Participant: 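Here's a structure for you.
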Number of protein chains: 2
Amino acid sequence: MTREDWADAALAALGERGLAGVAVEPLARALGVTKGSFYWHFKDRRELVAAALARWEELAVDAPIAALAEVDDPAERLRRLVAIAWERPEHLRAEQALAAASEPEVARAVAHVTARRLEFLVQAYRELGEPPARARQWAATAMATYLGTGLLLRAAPEVAPTDAAFRALVRHFAATLLPASSR
Amino acid sequence: MTREDWADAALAALGERGLAGVAVEPLARALGVTKGSFYWHFKDRRELVAAALARWEELAVDAPIAALAEVDDPAERLRRLVAIAWERPEHLRAEQALAAASEPEVARAVAHVTARRLEFLVQAYRELGEPPARARQWAATAMATYLGTGLLLRAAPEVAPTDAAFRALVRHFAATLLPASSR
DNA sequence: TATGGCACATACGCAAGCGTATGGAACATA
DNA sequence: TATGTTCCATACGCTTGCGTATGTGCCATA
């Protein structure tokens with residue numbers, strides 16, 4: 001039982017039961033240990049949440065940005081980003097639990113992640129020739145669509161009943177998220 | 001102190017502190033009364049959440065649909081819907097708290113509301129001449145964008161620093177959410 | 001001016017989660 | 001074989017919120 005085991009379990013619980021579900025004693029039961037283990041690896045619950053947030057930023061921001069760093073064509077970069085972002089729908093679940101959280105520390109982490117993502121998007125849209133203000137609008141639209149998809153799939157799974165339907169929907173996203181001049 | 005006062009306070013708390021913030025004793029303190037008042041008007045906390053959800057459906061679904069019932073042109077109906085939906089950003093806050101909730105009863109209510117909204121959207125896109133599958137994709141895109149805007153404004157308020165910028169962003173939404181053939 | 005009900009307040013027991021304090025098994029080290 | 005460290009279990013007190021039971025002021029009605 002390592003510190004990383006706890007952080008991963010916390011991130012999973014976050015996606016399934018929300019931030020309130022990241023509770024020491026229930027997690028301990030699920031992992032088959034007691035609180036004694038937890039308080040050996042962590043100072044308190046805040047530290048666990050912080051570790052889960054750090055893990056999330058790695059998986060959700062650092063990895064994708066690194067994977068797309070060497071794609072020169074901005075339109076192709078955006079298309080691949082769409083593909084990566086919607087690749088595993090289960091990853092979307094932790095997203096909204098975090099984005100909807102009202103705890104100040106979580107909000108700070110979410111704001112940081114969002115700022116990095118928006119920066120990446122604005123850069124791509126600018127390379128497509130969009131002026132700054134419009135590039136920011138396109139970036140905001142893309143972010144909103146992405147974040148909202150997690151909420152939508154939770155509320156209405158029937159909008160993408162099959163894998164094929166989901167992929168078709170993502171293609172539709174990709175089409176609406178590129179300026180007409182760049183398709 | 002009426003039942004409606006409690007339901008409104010619950011809905012407000014939902015937007016500010018999430019579903020976990022809809023707690024009887026803190027609400028009572030905020031309202032300047034005690035639990036005695038609450039348990040006079042309600043059986044238990046579940047009933048309060050149900051009342052808040054019902055209030056939400058009225059404000060967020062029944063009212064807009066009624067207001068748009070007599071707009072014959074579907075493109076104009078969608079444009080007005082965008083204007084109404086993003087009219088008061090503070091209303092967006094309760095949205096994602098609800099949509100991200102993991103409680104089954106809340107999920108059911110959210111699913112019901114989402115289904116009604118999607119039905120309304122699909123109908124409009126079909127009237128625009130889109131075939132069924134594409135109409136559903138457009139509807140899903142519009143819903144995702146709407147839901148995601150709440151999350152985005154919370155995570156990155158700087159994407160719409162002024163009222164003018166926010167209105168410009170909403171105009172951008174309206175443009176991307178209409179098929180090119182219907183602009 | 002008694003009397004019922006209405007709309008609360010007060011006081012209780014209970015469960016769940018947090019954090020701490022301490023005990024103990026297993027293993028390495030000397 | 002003693003000793004120390006690691007990793008976890010157990011047991012405790014504390015807080016917060018839920019739901020219930022009961023007390024109480026007030027107002028209408030007769």
Side-chain angles (χ1 to χ4, degrees), chain A residues 1-56 93-94 97-98 100-109, chain B residues 1-56 93-94 97-98 100-109:
Chain A
M1 193 63 33
T2 70
R3 197 183 153 92
E4 283 68 34
D5 292 332
W6 280 98
D8 285 338
L11 195 53
L14 196 63
E16 292 164 17
R17 288 177 301 281
L19 191 60
V22 183
V24 176
E25 284 166 322
L27 278 181
R29 283 192 290 273
L31 292 172
V33 292
T34 66
K35 304 196 298 183
S37 170
F38 175 80
Y39 285 100
W40 172 256
H41 294 286
F42 293 87
K43 186 178 155 290
D44 55 16
R45 180 180 176 274
R46 289 182 66 254
E47 203 175 288
L48 174 64
V49 173
L53 290 171
R55 187 103 181 86
W56 170 61
R93 312 203 112 235
L98 287 170
S102 45
E103 288 78 357
E105 358 162 19
V106 180
R108 265 195 302 277
Chain B
M1 194 64 32
T2 72
R3 199 182 152 91
E4 284 67 35
D5 292 331
W6 281 99
D8 286 338
L11 196 53
L14 197 62
E16 292 163 18
R17 287 177 302 281
L19 192 60
V22 183
V24 176
E25 285 167 323
L27 277 182
R29 283 193 290 271
L31 292 173
V33 291
T34 67
K35 304 196 296 182
S37 169
F38 175 80
Y39 285 99
W40 172 256
H41 294 286
F42 293 86
K43 184 179 157 292
D44 54 17
R45 180 180 176 274
R46 289 182 62 255
E47 203 174 288
L48 174 65
V49 173
L53 289 172
R55 186 103 182 88
W56 171 60
R93 312 204 111 234
L98 286 170
S102 46
E103 288 78 356
E105 358 163 17
V106 180
R108 266 195 300 278

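Remember, predicted model here, so these are calculated numbers, not experimental data. Every chain is numbered from 1 and lettered A, B, ... according to where its sequence line falls, protein lines coming before strand lines.
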Participant: In whole angstroms, how far is the C1' atom of dC6(C) from the CZ atom of F42(B)?
Facilitator: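 It is 17 Å, rounded to the nearest whole Å.
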
Participant: To the nearest 0.5 Å, what is the distance between CG (L53(B)) and CG (L14(B))?
Facilitator: 7.5 Å

Participant: Please list all pairs meeting salt bridge (charged side-chain N to carboxylate O under 4.0 Å, His left out) that have one or both residues in residues 44-54 of chain B, counting only residues at least two apart or in different chains.
Facilitator: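 Sorted pair list: R3(B)-E47(B), R46(B)-E105(B).
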
Participant: Measuring from L27(A):CG to S37(A):OG, what's the distance to the nearest 0.5 Å?
Facilitator: 11.0 Å

Participant: Who are the side-chain contact (heavy atoms from CB on, under 4.5 Å) partners of R55(A), not counting sequence neighbours?
Facilitator: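 Partners of R55(A) under the side-chain contact (heavy atoms from CB on, under 4.5 Å) test: D8(A), L11(A), E58(A), L59(A).
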
Participant: Note the angle between the end axes of the helix from dT1(C)-dA30(D) to dA30(C)-dT1(D), five pairs defining each, rounded to 10 degrees.
Facilitator: 10°

Participant: Which of residues 28-40 of chain A sit near DNA chain C, with a heavy atom under 4.0 Å from it?
Facilitator: R29(A), K35(A), Y39(A)

Participant: Start with the C-alpha gap between L31(A) and D5(A), add the side-chain angles, then the distance that decides, and say whether side-chain contact (heavy atoms from CB on, under 4.5 Å) holds.
Facilitator: CA-CA 9 Å; L31(A) 292 172; D5(A) 292 332; 5.6 Å; no

Participant: So, taking the atom named CG in L98(A) and the one named CH2 in W56(A), what distance separates them when rounded to the nearest 0.5 Å?
Facilitator: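 Spacing of CG (L98(A)) from CH2 (W56(A)) equals 5.0 Å.
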
Participant: Could you please spell out the steps behind the side-chain contact (heavy atoms from CB on, under 4.5 Å) verdict for Y39(B) and V24(B)?
Facilitator: CA-CA 9 Å; Y39(B) 285 99; V24(B) 176; 4.1 Å; yes

Participant: Do any pairs count as a salt bridge (charged side-chain N to carboxylate O under 4.0 Å, His left out) and have a residue in residues 28-41 of chain A, sequence neighbours left out, and if so which ones?
Facilitator: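 Salt bridge (charged side-chain N to carboxylate O under 4.0 Å, His left out) check on residues 28-41 of chain A returns E25(A)-K35(A).
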
Participant: Residues of residues 1-21 of chain B with any non-hydrogen atom less than 4.0 angstrom from an atom of DNA chain D: list those, numerically ordered, please.
Facilitator: none

Participant: Measure the distance from CG on L27(A) to C1' on dC8(D) and round it to the nearest whole Å.
Facilitator: 16 Å

Participant: Judged by each residue's nearest nucleotide on DNA chain D, which is more toward the 5′ side, E25(A) or H41(A)?
Facilitator: H41(A)

Participant: What heavy-atom pair brings A10(A) and A52(A) nearest, and what distance separates the two atoms?
Facilitator: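 Closest heavy-atom pair between A10(A) and A52(A): CB-CB, 4.0 Å.
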
Participant: So which atom in F42(A) and which in A51(A) form the shortest heavy-atom distance, rounded to 0.1 Å?
Facilitator: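 Closest heavy-atom pair between F42(A) and A51(A): CE2-CB, 4.0 Å.
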
